[in-house]
Amino acid sequence: MRSISVFGATGSVGESTFDLLMREGGAEAYRTVALTGGRNIERLAQMAVALRAEVAVTAYDDCLGALRDALAGTGITVAAGTQAIHDAADRPADWVMSAIVGAAGLVPGMRALRHGGKLALANKESLVTAGQLLMATATANEATVLPVDSEHSAIFQALVGEDLNTVERIILTASGGALRDWPMERLAHANVTDALAHPNWSMGARITIDSASMFNKALEVIETREFFGVEPAQIEVIIHPESIIHSMVGFRDGAVMAHLGAPDMRHPIGYALHWPHRQSLPVARLDLAALGGLTFLAPDEARFPALRLAREVMQTRGLAGAAFNAAKEVALDHFIAKNLGFMQMAAVVEVTLNRVSSDCSLGNAALTLEDVLQMDHLARIRAVEAVKMVKGS
Ligand code: NDP
């Protein structure tokens, strides 16, 4: 029986993963080593019982009592706190889903890779903050990293049987998010509710707002560079409002391979779960005649400064990704708290990158996990200062 663990089980990707696991027989088909969540204790406990998990972990110490009560008498071990999440990743499993949101997902993924096996990576922040390190750790431990972001799964699938040296370009599609059609002058006044109204995908709140600001696409551009090892100039972004083409790969003979499908995360999750095989998945089938047409638009970098910043980050590489992501997370926290305007998020990230690059050299090639975590910490301090600067300007 295959053993699995799901980090971030109670989130949007975690729920889709759980749905697939249950449809495939749940505890009769999989041995569940660890399930982790945050504050949604009731759901974490339900999932742990349904999958007969060996251990259920909440990221928050103050949630331990509630988790213990919810799982009393089940025989499931409970634990709480960041260290407990990291310890859960030390328990070997054949297939591990990394679906914690934010930089908090980095260490569990890195720890899971030490056992070899397969890491299904939804947590794009891992590749943005520590791409070189993560991929090197996978290689050193003969582990396989499987992309779960729909764009990267699409690229991965378009590359099956292909020689990476023949790839000319990778074209990432972007829906454009909830505010795609807003006039530029209105964007500055967009609030959280506006940014959460994603036209196609149902996702966690943070990634949905990041889609509207294009910070999500900025992270994905960096993720593409780190995962596939292509040069930054080979990565293009195109706005594709229907979210039917999940991404494309252009080859040196001019051919472009596109991956199409309904916008449903159970496709890339299911592909990663069964890779290298394809299994039947409960996703809607495309009706191209009903769709009628697909549209494409060039992204406007004035509207989406996040894309320009991602290019600068890729140029510097080293610790720049960790600083970029941390600053973005702080800016997003302040936007959600109504303490920062929508367009001010990019300004905070830019100011933070400038400030940390004067503190230390970001383009440091020999990174360790400790370096990355220290940069994450420093950039969060600088980003809080940047919020004050940007609001005061
Ligand atoms: P959600 O916000 O829906 O879920 C996040 C999960 O992480 C929840 O289980 C949450 O617990 C848990 N969590 C939150 N904070 C912490 C923390 N500090 N430590 C440990 N666990 C924590 O996120 P999504 O599922 O939308 O996204 C997860 C990851 O996948 C992100 O990196 C995102 O960019 C990526 N991704 C998501 C896609 C999507 O469709 N949603 C598509 C492609 C990539 P709780 O809810 O119990 O508090």
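Using a 4.5 Å cut-off on side-chain heavy atoms (C-beta onward), L127 and M135 make contact. Side-chain contact between L340 and M345 is present, with heavy atoms from C-beta onward closer than 4.5 Å.
Under a 3.5 Å cut-off, the side chain of E28 and the backbone N or O of G25 do not form any donor-acceptor pair. The backbone N or O of E151 sits nowhere less than 3.5 Å from a side-chain atom of E220 that would complete a donor-acceptor pair.
One hydrophobic cluster, built from ILVMFWY side chains closer than 4.5 Å, cannot hold both I238 and M314; they sit in different ones. L51 is connected to Y30 through a chain of hydrophobic side-chain contacts under 4.5 Å among Ile, Leu, Val, Met, Phe, Trp and Tyr, so both are in one cluster.
Using a 4.0 Å cut-off between charged side-chain N and carboxylate O, K124 and E226 make no salt bridge. Note on R180 versus D300: no salt bridge recorded, every NZ/NE/NH1/NH2 to OD/OE distance being 4.0 Å or above. Checked for salt-bridge contact, D62 and R39 meet the test: a charged N lies under 4.0 Å from a carboxylate O.
No side-chain donor from either of T316 and E312 sits under 3.5 Å from a side-chain acceptor of the other. In the model, N354 has no side-chain atom that pairs as donor or acceptor with a side-chain atom of E350 under 3.5 Å. S16 and D19 are not linked by any side-chain donor-acceptor pair at a separation below 3.5 angstrom, with hydrogens and angles left out of the test. Side-chain atoms of T224 and H152 form a donor-acceptor pair, as typed in the model, at a separation below 3.5 Å. There is no side-chain donor-acceptor pair under 3.5 Å between N40 and T10.
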Stepwise side chain to side chain donor-acceptor pair (under 3.5 Å) test for H246 and T173: CA-CA 6 Å; H246 298 308; T173 51; 5.6 Å; no

